[in-house]
Amino acid sequence: MTDIPKAYEPHSVEERLYPIWEAAGYFKPKGEGPKYVITIPPPNVTGSLHIGHALCYSIQDALIRWRRMQGYETLCVPGTDHAGIATQNVVEKELRKDKLSRHDIGREKFVERTWQWVHEYGGLILRQLRRIGCSFDWDRTRFTMDEAYVEAVMECFVSWWEAGLIYRGHRVINWCPRCLTAISDIEVVHEDRPGKLYHLRYPFEDGSGVVIVATTRPETMLGDTAVAVNPSDERYTALIGKTIILPLVGRSIPLIADDYAKADFGSGAVKVTPAHDLNDFEAGLRHNLPQVIVIDEHAKMTPEAGSAYAGLDRFEARKKVVQDLESQGLIAKIEDYTVPTATCERCGTIIEPLLSEQWFVRMKELAGPAMEVVKEGRVKFFPERYAKTYLDWMENIRDWTISRQLWWGHRIPVWTTEDGEYIVARNQEEAEKKAAGKKITQDEDVLDTWFSSGLWPQAVLGWPRQTPDLERYYPTSVLTTAREIIYLWVSRMIMSGLHFMNEEPFSHVYIYATVLDVLGRRMSKSLGNGVNPLDLIELYGSDALRFSLLSRAARGQDIKFAKIENRRQPQVEEARNFANKIWNASRFVMMNLVNASNVESRWVPSKELADRWILSRLNETVREVTSALEEYRMNEAAQGLYHFFWDDFCDWYIELSKGLVSSAEDSEQARAARCRIVYILDSSLRLLHPFMPYITEDIWLRLPHEGESIMISKWPEYEPARHDSEASAQMGKLIGVISKIRNIRSEMNIPTQSRLKLYVACSEDNRELLKAYEEQIKRLARVEEIVADESLPPLESAARDILEGIEIGVPLEGLIDLKKERDRITKEIARKEDEARSLASRLDNPSFVERAPQSVVDESRLRHGELITEIEKLRSTLGILGGS
RNA sequence: GGGCGGUUAGCUCAGCGGUAGAGCAUCGGUCUUACAAACCGGGGGUCACUGGUUCGAUUCCAGUACCGCCCACCA
């Protein structure tokens with residue numbers, strides 16, 4: 001009959017449409033409407049698409065497509081992040097295959113090689129984003145190490161330096177002995193691990209006894225330069241100032257008083273190791289203590305640790321220190337203890353707090369305005385609760401370690417002259433000029449990756465240059481991102497945006513759901529519980545994947561997502577089935593256009609109930625979907641569409657209008673009906689397009705349409721005049737009657753093939769309603785004849801039911817199973833009695849009648865009366881049937 | 001230690017002040033000319049627990065339990 005396949009075939013459609021869209025320039029900003037701009041969170045250049053990305057970018061594409069259809073001038077700028085440590089690790093791993101380290105080939109070669117890797121494999125994730133249909137402006141794609149971007153990073157550094165916001169500091173930082181670099185506080189992962197707490201005896205010089213200190217890291221005792229007690233701790237007041245001989249080392253160290261020692265922990269005395277613990281470092285500064293470095297950057301003991309330990313790994317050293325102390329009787333006790341452990345976010349290695357020289361950004365000044373814009377609501381978080389998360393952190397913000405001992409990244413633009421003077425410049429040339437002939441060397445370190453990505457919204461638009469894009473598209477509209485980078489990234493963009501642009505970089509921050517496995521665990525490589533979105537696309541198509549994710553993206557609630565088993569994933573399959581439903585409903589419509597003339601997508605006004613009803617429902621759906629999108633309730637938008645399309649449009653409207661729409665003749669009436677069904681379908685497709693771009697475009701183009709793509713068609717608007725509550729009520733009755741008949745059929749085991757005779761008793765208007773839909777009732781409930789009267793004839797051999805004042809009776813041609821029918825009716829009575837009872841008890845309660853809103857009381861009364869009548873009727877039926 | 005979420009049908013989740021909803025699964029019936037990836041019908045829930053507010057609570061408030069996330073320099 002038709003050349004349209006029976007099932008939707010996503011892959012050919014996807015491959016065909018994407019290049020057409022791109023070539024047509026639909027992804028580029030157009031028009032004069034208000035602006036809607038997104039600069040996507042740049043994925044790591046080494047990355048490949050995982051399910052979280054799929055969700056994140058599906059959301060952004062849905063938003064962009066929706067606003068584009070609404071007539072906004074839309075722009076979505078894609079790009080990637082050079083991801084310092086991550087990328088360097090990838091290339092180092094490659095080198096290792098050839099038994100080489102980065103040091104073997106040297107910095108220059110290594111960076112060159114990394115660039116090579118980036119050029120060769122780096123774009124992968126962006127290609128994958130095309131696959132899920134992202135309508136991003138690829139010509140504007142940016143990379144955080146592009147020449148222009150580097151300019152932005154240098155500008156930021158220099159400008160912050162000049163503003164006194166950047167300083168060089170000598171302090172204890174988080175050091176990863178595997179990555180061989182400093183990392184910031186927020187790149188450290190804290191977790192509790194089983195371990196031991198060692199209680200050590202430190203003897204006083206004068207032989208007057210010992211003080212006991214507790215530690216989880218005995219090897220650091222080699223670097224102790226004091227023992228601290230709380231000044232108000234009476235046990236020690238008399239001892240403060242005494243000298244202790246540090247065991248194994250023999251160094252004389254003082255017993256000092258400092259608030260930081262808590263009297264209620266352990267013995268109340270704490271050993272102080274200024275070079276290897278941040279607290280101790282600070283205490284050391286307060287008391288002018290020496291800083292003895294006993295652990296080096298490879299986490300091995302230094303010569304300072306003493307010849308017995310030098311060169312040992314920190315954990316070997318721990319064993320040996322404990323052994324040695326033990327043999328001298330200096331271990332008071334060792335107990336099992338849960339040790340808070342800091343590990344490197346990137347590689348999981350235990351962090352070593354190390355004393356070193358790093359660059360820092362002073363945060364307080366930058367944080368102030370960044371907090372203001374959130375408090376004032378100029379930057380709004382969705383869900384709102386994340387504003388508090390953000391503000392709490394900003395309140396307690398600490399300076400940011402921005403230098404990294406890596407080779408891949410933006411080299412710190414600081415040069416040192418022979419006489420130790422710092423020269424900060426945008427590039428080598430400028431630095432040399434400033435040096436005025438002095439010999440200079442550039443700092444070896446690079447900047448934290450987040451230093452550059454923190455400039456993203458303005459930098460991708462051209463800053464620090466005053467480009468037309470920057471002028472036109474800054475600030476952006478919404479940032480869609482993950483919870484865990486609110487501090488790492490979001491806060492820094494707000495700070496830098498305000499600092500350099502004097503305007504917040506975006507007005508909305510939408511924190512989307514985290515995708516977890518079915519057990520509620522984060523997806524990770526090590527657990528092997530990840531789901532590859534590309535496999536899902538392979539199985540079910542992009543639209544299904546997008547719809548599945550979007551229909552679950554509720555209010556930042558996490559999503560539990562199943563993995564693929566036996567080539568099936570139930571959640572995406574559900575969406576695939578929906579896509580197929582859309583396909584087939586459209587197929588029905590299209591089949592009926594083949595021999596019809598002059599059909600266009602247009603709402604031809606109609607007095608028909610079904611028409612009025614579907615138009616009203618469409619209208620409601622438009623409002624629902626639009627307002628849901630405005631508030632980032634993607635799931636509600638998706639689910640509203642699902643039910644409108646499947647339940648209302650497919651199950652009822654198509655079925656009810658089938659007669660006319662598929663009639664053989666090309667009458668004016670049939671034409672109008674076809675126009676209407678095309679209109680409803682067309683509108684539905686538009687509403688669905690942001691969620692399922694491919695299938696909607698493919699169908700839309702096959703329908704009568706104006707314009708060249710659904711992508712740039714107009715988003716439907718809510719029209720109050722289309723609201724029709726009477727039609728909803730009437731439709732409810734019609735649906736009710738048909739369902740009741742179907743129910744009787746099924747419960748009474750009436751064969752599908754047999755045509756029924758239907759008796760109806762009801763009021764005049766109800767009779768008119770049923771008369772008007774006689775054809776449809778006959779078809780949908782498989783009824784042969786409808787006999788309508790004021791009352792049902794006494795039918796001894798009929799199944800009966802009643803709803804909303806409409807009594808129906810279905811004769812069973814003597815084949816009635818009396819017991820079955822009695823059971824069915826008894827059950828029905830019980831159900832209604834339950835409801836009537838609860839309504840009655842409510843109505844009997846004077847305070848309900850007094851205090852509840854009048855409408856609720858009236859409604860309850862009405863419903864109660866209705867139920868009583870229905871129960872009576874059913875009881876008498878039961879009597880006729882000989883039931884008790 | 002602080003903060004924030006979650007707990008609703010066998011599973012995955014919506015709903016959030018007027019007697020509980022979806023998809024999948026399950027049971028029964030259908031090749032009814034768009035769709036078996038479908039259609040029709042059924043069964044299945046004291047909405048974690050305990051109090052409070054209210055005429056009325058799954059829905060609001062407080063507490064408890066368990067699960068999870070984020071933050072945190074207690075040796």
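Throughout, a chain's letter reflects where its sequence line sits, starting with A, and its residues are numbered from 1.
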What does [X] touch in the nucleic acid at a heavy-atom separation under 4.0 angstrom: a base, only the sugar-phosphate, or nothing?
| X | value |
| --- | --- |
| Asn845(A) | sugar-phosphate |
| Asn396(A) | nothing |
| Phe561(A) | nothing |
| Glu747(A) | sugar-phosphate |
| Arg742(A) | sugar-phosphate |
| Lys6(A) | sugar-phosphate |

Next item on the list: Decide if atom CD of Glu631(A) counts as having more than 12 heavy atoms of other residues, nucleotides or ligands within a radius under 6.0 Å.
Entry: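 Above 12, so yes.
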Item checked: More than 12 heavy atoms from other groups under 6.0 Å of CZ on Arg568(A) -> no
Check: When rounded to the nearest 0.5 angstrom, what is the spacing between CG in Asn580(A) and CD in Glu9(A)?
Finding: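 Reported to 0.5 Å precision, the distance equals 10.0 Å.
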Note to self: Does the plane of the ring in Phe547(A) sit parallel, tilted or perpendicular to the ring in Phe578(A)? Use 30° and 60° as the thresholds.
What the structure shows: tilted
Does [N] pair with anything, Watson-Crick or G-U wobble, both distances under 3.5 Å, and if so, with which nucleotide?
| N | answer |
| --- | --- |
| C69(B) | G3(B) |
| A22(B) | U12(B) |
| A48(B) | U64(B) |
| A57(B) | none |
| C39(B) | G29(B) |

Next item on the list: With sequence neighbours excluded, tell me which residues meet ring-ring contact (aromatic ring centres under 6.0 Å, His included) with Phe382(A).
Entry: His508(A), Tyr632(A)
Margin query: Strictly under 4.0 angstrom, non-hydrogen atoms only: write out the protein contact profile of nucleotides 68-75 of chain B, one letter per nucleotide from the 5' end, B, S or -.
Written below: -SSSBBBB
Checklist line | Test: Lys658(A) cationic atom under 6.0 Å from Phe588(A) six-membered ring centre, within 45° of axis | finding: yes
Using atom [atom1] of each nucleotide, how far apart are [N] and [M] to the nearest Å?
| N | M | atom1 | answer |
| --- | --- | --- | --- |
| U8(B) | G44(B) | C1' | 14 Å |
| C60(B) | C24(B) | P | 29 Å |
| U7(B) | U58(B) | P | 15 Å |
| A22(B) | A34(B) | P | 26 Å |
| G3(B) | A72(B) | P | 15 Å |
| U59(B) | U46(B) | C1' | 16 Å |
| A36(B) | U30(B) | C1' | 10 Å |
| A57(B) | A20(B) | P | 13 Å |

Item checked: Donor on one side chain, acceptor on other, Glu573(A) and Asn577(A), under 3.5 Å -> no
Next item on the list: Sort and list the pairs that fulfil salt bridge (Lys or Arg N to Asp or Glu O under 4.0 Å) and have at least one residue in residues 387-401 of chain A, not counting sequence neighbours.
Entry: Asp185(A)-Arg398(A), Lys388(A)-Asp392(A)
Counting only side-chain nitrogens and oxygens, does [X] get under 4.0 Å of the OP1 or OP2 atom of [N]?
| X | N | result |
| --- | --- | --- |
| Trp652(A) | C39(B) | no |
| Asn743(A) | G42(B) | yes |
| Lys658(A) | A34(B) | yes |
| Arg831(A) | G43(B) | yes |

Checklist line | Passing candidate, side-chain hydrogen bond (donor to acceptor under 3.5 Å, both in side chains) with Tyr260(A), options Asn230(A), Asn279(A), Asp280(A) | finding: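 With Tyr260(A) as partner, Asn230(A), Asn279(A), Asp280(A) yield a single side-chain hydrogen bond (donor to acceptor under 3.5 Å, both in side chains), made by Asp280(A).
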Check: How close or far is atom P of G41(B) from atom CD1 of Ile744(A), stated in whole angstroms?
Finding: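 About 13 Å, once rounded to whole Å.
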Notebook entry, point to check: Does a distance-only test, which skips hydrogens and angles, find a donor-acceptor pair under 3.5 Å between the side chain of Glu655(A) and the base of A34(B)?
Noted result: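 Looking at the base of A34(B), it does pair with a donor or acceptor on the side chain of Glu655(A) (distance under 3.5 Å).
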